[in-house]
Amino acid sequence: MGLEWSSPGERQPLLFPGGPRSPRVFGRRWLVLLLFSLLAFLQGLVWNSWGPIQNSARAAYNFSGLDIALLVLWGPIGFLPCFFFMWLMDNRGLRITVLLTALLMVLGAGLRCVPVEDLAIRRKLIHGGQLLNGFAGPTVMNAAPFLSTTWFSPDERTTATAIASMLSYLGRACAFLVGPLVVPAPNSTSGLLLYSGSTGVIKDRIEAVMYAEFGIIFVVFAAILAYFPARPPVPPSVAAASRRLGYRTSICRLLSKMHFLLIALVYAIPLGFYAGWSGVLDLILTPVHVTQVDAGWVGFWSIVGGCVVGISVGRFADSIRGVLKPILLLLFSGATLSATWFTLTFLSNFTHLPLTTATLYTSCILIGVFLNGTVPIFFELFVETVYPIPEGITCGVVTFLSNIFMGALLLFLTMYHTDLSWLNWCLTGSCFLSLLFIVCFRESYDRLYLDVFVSV
């Protein structure tokens, strides 16, 4: 069961079933999950707000191609202080960490709304706001397993992790709808944009979106400030009450264990590669005459489908415990087959596969559904494998690696993007290699072992 990770003293629980403070759950756990999920949703929405309306942003604020790339890159760059947020979560708890994260988001959203006439200053303010929103990324991406362990019983943990972690992705997906629906494109043929003030109209619509996002974020921040406990009065499980390793000890153990680093790379490489691949999906599909709008819809349904699958398999994993590895094998098999199908479709002259809109849509969406659906399962597997290392530290190291990989890929594509067909082969290869590594990976369920056997 991987118990060599911890000493008997470290595995000793702080409470016992049947005692005066036996494990129990509280109804307020759903309110805590709702507030955190809303925060994660809004962080993803703000992070991806500029990509779907980049042509309108260029017209309204004179953004260059580098500016648009930086607006996206501030997300991965925001993970640089990831280790600070891991320390804060481990030493100060969930409430302080989430409050600081929400405050950064309020400041970032407010900074984008400062009414300055000088476009050069306004662009700098928008960049600063996006960076502050990026600093909120480590918490909304890493804290889901920590929240689920702190507030939820063992038969609800994976479901809670799936909901909390998937809402950030859903926010990114909704950005594909909110921006294009509210902000007109500069080449629109509607009468609204035929006069000389068309740029002003685009700018007004963009500012309306930013003001609305700022208002909603402020309301969520106020709600978290009013009520967001660090922990329940009584832990929901034996594992939640057990002693954990310290911050420095945890980091050293994680980085010294090849067993953990293997599964961390299995997560970081294909998920980071997929994030970069989906960011330039419109350029990849341009040679087969798929428009930017259609590519945006493909991205939207890929993420939404992945959220649905992630939450569904999370609930399934709670119902039948100890099946995280088989679920990952199934999802990565589907991702590998879908990526292979998509890649070979581009070689229809040799493979004779039909190159149609339906096949491109289906294969692209399936890739996103299978890969995005693995995120909460990976998080739970990481935590089970390295327990009693704290959840926030474990997931923080993994998402830090993933975002470094994604940021490096996006930066490379920004500087050198001509023929991007090689990305299809790299995505397929990364999915296949990860599938092979998962087959060889020996999973352990230390946290589940403690809950089941000590409870008995």
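With Asn91 contributing its side chain and Trp87 its backbone, the two residues share a donor-acceptor pair below 3.5 Å. Although no hydrogens or angles enter the test, the distance criterion places no donor-acceptor pair under 3.5 Å between the side chain of Ser434 and the main chain of Cys431. A donor-acceptor pair is defined here as one N or O able to donate and one able to accept, closer than 3.5 Å; such a pair exists between the side chain of Ser56 and the backbone of Pro184. Panel note: side chain His259, backbone Arg442; a donor-acceptor pair is recorded below 3.5 Å. Of the possible donor and acceptor atoms, none in the side chain of Arg172 sits under 3.5 Å from a partner among the backbone N and O of Gln43. Put simply, the side chain of Tyr445 gets close to the backbone of Leu324: a donor and an acceptor are under 3.5 Å apart. Although no hydrogens or angles enter the test, the distance criterion places no donor-acceptor pair under 3.5 Å between the side chain of Asn424 and the main chain of Thr343. Without hydrogens or angle criteria, Arg122 side chain to Val114 main chain gives a donor-acceptor distance under 3.5 Å.
Between Phe379 and Tyr267, the ring planes lie tilted relative to each other; the angle falls in the 30° to 60° range. Using a 30° and 60° split on the angle between ring planes, Trp297 and Phe300 fall in the perpendicular class, above 60°. Phe218 and Phe221 have tilted rings, their planes meeting at an angle from 30° to 60° on a 0 to 90° scale.
Applying the salt bridge (charged side-chain N to carboxylate O under 4.0 Å, His left out) criterion to Arg123, with sequence neighbours excluded, gives no partner residue.
A salt bridge does not link Arg112 with Glu207: every distance from a Lys NZ or Arg NE/NH1/NH2 to an Asp or Glu carboxylate oxygen is 4.0 Å or more. Salt-bridge annotation for Glu156 and Arg29: present, with a side-chain N of the basic residue lying under 4.0 Å from a carboxylate O of the acidic one.
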